[in-house]
**Q** 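The following block contains the structure, expressed as structure tokens.
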Amino acid sequence: METLAFLGLGAMGYPMAAHLAKHRPTLVWNRTFAKALRHQEEHGSRAVPLEEVAEAEVIFTCLPTTREVREVAEALYPHLRPGTYWVDATSGEPEASRALAERLGEKGVVYLDAPVSGGVAGAEKGTLTVMIGGPEEAVERVRPLLFYARKVVHVGPVGAGHAVKAVNNALLAVNLWAAGEGLLALVAQGVSAEKALEVINASSGRSNATENLIPERVLTRAFPKTFALGLLVKDLGIAMGVLEEEKAPAPLLRLTREVYEMAKRELGGDRDHVEALRLLERWAGREIQ
Ligand code: NDP
């Protein structure tokens with residue numbers, strides 16, 4: 001049975017690596033090493049120093065951006081063995097990942113961009129969607145090892161997974177913000193947000209924002225921290241990069257990026273992404289209730 005390795009035990013990586021450890025011997029590494037030791041204790045993985053993850057046949061990464069993936073790849077570079085597969089679950093940059101795939105390829109390591117969607121809840125349940133970019137044979141080689149996924153779609157060559165993920169998250173940003181604007185206007189008209197959502201969620205304006213995020217996190221005022229606002233702003237930047245590379249018309253997504261940049265400046269990038277609606281609430285002088 002092949003050995004796997006997982007680097008980056010953050011909000012997503014920690015539960016994702018737990019699914020791997022249920023099925024294969026799994027090495028784990030995290031910058032704050034105490035988390036790796038806790039993972040070993042809780043999930044039967046093995047916490048190792050960074051160089052040792054090169055012993056695995058398949059290395060997984062889930063780090064904030066492609067920059068950190070490049071950093072760990074450089075640190076690992078002298079230790080990497082030909083025939084290793086690298087599955088990068090980070091929501092990263094298509095262009096930079098193509099360059100990284102080439103660099104790793106010189107070592108005989110096959111890099112695949114395999115970002116995920118479904119949030120922390122999906123990572124815990126093992127129901128994530130994976131959009132994967134890379135050569136067909138490599139995708140088929142790693143597909144049975146994506147134990148944290150319910151759906152895996154091979155979307156194209158290296159970089160395509162990251163491009164799809166960035167556009168997906170740009171749509172999340174649009175839907176969330178637009179729902180916030182609409183609901184605040186309805187609240188001002190005397191309609192409760194709950195009633196408005198009851199209608200919208202049985203009608204054509206519904207989205208994940210109206211069906212899940214706003215009822216569970218805004219109406220309850222719980223605003224749990226699962227996906228940092230700063231990471232969503234990063235994804236909007238990646239999406240704009242893709243659109244600009246193709247000279248695609250994008251007035252709405254450009255504006256969306258601007259409002260989320262503003263929310264990040266006002267609230268801080270560490271806040272949860274749904275808290276962007278707090279900025280709208282501040283402007284409106286009322287809550288989405
Ligand atoms: P977190 O901030 O929770 O975790 C980030 C991880 O990266 C931690 O393990 C952190 O280590 C590590 N890290 C940060 N900087 C460095 C560095 N310089 N060198 C090495 N390791 C580093 O992020 P998430 O788990 O939320 O997100 C990870 C990726 O998944 C991002 O690309 C994000 O966009 C994407 N994503 C997130 C979703 C979510 O709902 N949260 C959903 C889908 C995708 P340490 O513990 O030491 O800080």
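Whatever order the structure lists them in is the order used to number ligands and atoms, beginning at 1. The first residue of the sequence shown is numbered 1, and numbering continues consecutively from there. Values below: all heavy atoms of this structure, side chains included; hydrogens, waters and symmetry mates excluded.
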**Q** Looking at ligand 1, does any of its N/O atoms fall within less than 3.5 Å of an N/O of Thr226?
**A**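 For ligand 1, there is an N or O atom that lies under 3.5 Å from one belonging to Thr226.
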**Q** Whether Glu68 and Lys234 form a salt bridge (side-chain N of Lys/Arg under 4.0 Å from carboxylate O of Asp/Glu) is what I want to check.
**A**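 A salt bridge is absent here (no side-chain N lies under 4.0 Å from a carboxylate O).
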**Q** Quick one: look up the protein heavy atom nearest atom 4 (O) of ligand 1 and list residue, atom name and how far away it is.
**A**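 Result: Gly10 CA, 3.3 Å.
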**Q** Can a side-chain donor-acceptor contact be found between Glu42 and Tyr14 if the only test is distance below 3.5 angstrom?
**A**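 There is such a pair (donor and acceptor under 3.5 Å, judged by atom type) between the side chains of Tyr14 and Glu42.
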**Q** Mind checking whether Trp29 has an N or O less than 3.5 Å away from an N or O of ligand 1?
**A**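 Not met; the criterion fails.
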**Q** For ligand 1, which atoms sit closer than 4.0 Å to a heavy atom of Gly119?
**A**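 Contacts of ligand 1 toward Gly119, numbered from 1: 40 (O).
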**Q** Considering only the protein, which heavy-atom contact is closest to atom 40 (O) of ligand 1, and what is its distance?
**A**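 Of every protein heavy atom, Phe227 CB, 3.3 Å lies nearest to atom 40 (O) of ligand 1.
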**Q** Just to confirm my output: which protein heavy-atom neighbour is closest to atom 29 (C) of ligand 1, and how far is it?
**A**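 Nearest protein contact, heavy atoms only, for atom 29 (C) of ligand 1 is Leu63 O, 3.4 Å.
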**Q** Hey, is Glu136 close enough to Arg143 for a salt bridge, meaning N to O under 4.0 Å?
**A**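 Looking at Arg143 together with Glu136, the answer is no, because their closest N to O distance does not fall below 4.0 Å.
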**Q** Do Glu57 and Arg24 sit within salt-bridge range, that is, some charged N less than 4.0 Å from a carboxylate O?
**A**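 Looking at Arg24 together with Glu57, the answer is no, because their closest N to O distance does not fall below 4.0 Å.
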**Q** Kindly indicate whether the side chain of Leu9, heavy atoms from C-beta on, has any atom under 4.5 Å from the side chain of Arg38.
**A**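 Answer no - side chains too far apart.
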**Q** Could you tell me whether Glu68 approaches ligand 1 through its side chain, its backbone, both or neither, with non-hydrogen atoms closer than 4.0 Å?
**A**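 Within the 4.0 Å criterion, Glu68 contacts ligand 1 through side-chain atoms alone.
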**Q** Tell me: protein heavy atom nearest atom 35 (C) of ligand 1, and distance?
**A**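 Answer, as residue, atom name and distance: Ser91 OG, 3.4 Å.
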**Q** Taking the inter-plane angle between the rings of Tyr148 and Phe60 on a 0 to 90° scale, is it parallel (under 30°), tilted (30 to 60°) or perpendicular (over 60°)?
**A**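 Ring orientation, 0 to 90° scale: perpendicular.
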**Q** Answer whether the closest heavy-atom distance between the side chains of Leu231 and Pro64 falls below 4.5 Å.
**A**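 Side-chain contact under 4.5 Å: yes.
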**Q** For Lys165 and His162, does a side-chain donor sit closer than 3.5 Å to a side-chain acceptor?
**A**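 No, no side-chain donor-acceptor pair sits under 3.5 Å.
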**Q** Are any of the N or O atoms of Ser117 closer than 3.5 Å to those of ligand 1?
**A**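 N/O-N/O distance below 3.5 Å does not exist for this pair.
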**Q** I'd like to check which ligand 1 atoms, numbered from 1 as shown, lie under 4.0 Å from a non-hydrogen atom of Cys62.
**A**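 Here the atoms of ligand 1 in question are 28 (C), 29 (C), 30 (O).
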**Q** Check whether NZ of the Lys or CZ of the Arg Arg271 lies under 6.0 Å from the centre of the six-membered ring of Phe223 and within 45 degrees of that ring's axis.
**A**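 No; the conditions do not both hold, so Arg271 does not lie above the ring face of Phe223.
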**Q** Check whether any heavy atom of Lys234 sits under 4.0 Å from an atom of ligand 1.
**A**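 Lys234 counts as a contact of ligand 1 under the 4.0 Å cut-off.
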**Q** Tell me, do Arg67 and Arg70 make a side-chain contact under 4.5 Å, heavy atoms counted?
**A**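 Side-chain contact under 4.5 Å: yes.
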**Q** Could you work out, for atom 24 (P) of ligand 1, the closest of Leu232, Leu231, Asp272 by heavy-atom distance?
**A**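 That would be Leu231.
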**Q** Could you say whether the N/O atoms of Ala11 and ligand 1 ever approach to under 3.5 Å?
**A**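 Yes, there is a polar N/O contact under 3.5 Å.
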**Q** Is it the side chain, the backbone, both or neither of Pro115 that has a heavy atom closer than 4.0 Å to ligand 1?
**A**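 Neither part.
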**Q** Counting heavy atoms only, name the option from Val72, Thr32, Asn30 that's nearest to atom 47 (O) of ligand 1.
**A**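 Shortest heavy-atom distance from atom 47 (O) of ligand 1: Thr32.
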**Q** Does the protein place a non-hydrogen atom closer than 4.0 angstrom to atom 2 (O) of ligand 1?
**A**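 Neighbour list for atom 2 (O) of ligand 1 is empty of protein heavy atoms (cut-off 4.0 Å).
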**Q** By number and element, which atoms of ligand 1 are closer than 4.0 Å to a non-hydrogen atom of Glu71?
**A**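 So the atoms of ligand 1 that pass are 18 (N).
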**Q** For atom 15 (N) of ligand 1, what's the nearest protein heavy-atom neighbour? Residue, atom name and distance, please.
**A**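 Going atom by atom, the protein heavy atom closest to atom 15 (N) of ligand 1 ends up being Arg31 NH1, 3.3 Å.
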**Q** Would you mind running through ligand 1 and noting each atom that sits below 4.0 Å from a heavy atom of Gly8?
**A**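 So the atoms of ligand 1 that pass are 9 (O).
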**Q** Would you say Met12 and ligand 1 have an N/O pair spaced under 3.5 Å apart?
**A**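 Right, the criterion is met.
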**Q** Could you say whether the N/O atoms of Ala89 and ligand 1 ever approach to under 3.5 Å?
**A**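 There is no such contact.
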**Q** When you check the gap from the basic side-chain N to the acidic O, do Lys264 and Glu261 get nearer than 4.0 Å?
**A**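 A salt bridge is absent here (no side-chain N lies under 4.0 Å from a carboxylate O).
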**Q** Can you tell me which residue and heavy atom of the protein come closest to atom 32 (O) of ligand 1, and the distance to 0.1 Å?
**A**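 Heavy-atom neighbour on the protein nearest atom 32 (O) of ligand 1: Pro64 O, 2.8 Å.
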**Q** Go through ligand 1 atom by atom and flag the ones less than 4.0 Å from a non-hydrogen atom of Lys35.
**A**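 In order of number, 45 (P), 46 (O).
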**Q** Can Arg103 and Glu74 be counted as an ion pair, charged N to O under 4.0 angstrom?
**A**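 Yes.
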**Q** With a 4.5 Å heavy-atom cut-off, do Arg150 and Lys125 have their side chains touching?
**A**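 No, side chains not in contact.
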**Q** With heavy atoms of Val116 as the reference, note each atom of ligand 1 found under 4.0 Å away.
**A**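 What qualifies from ligand 1 is 43 (C), 44 (C).
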**Q** Among Leu186, Ile288, Ile214, find the residue that satisfies the side chain to side chain contact (heavy atoms under 4.5 Å, CB included) test when tested with Leu197.
**A**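 Result for side chain to side chain contact (heavy atoms under 4.5 Å, CB included) with Leu197: Ile214.
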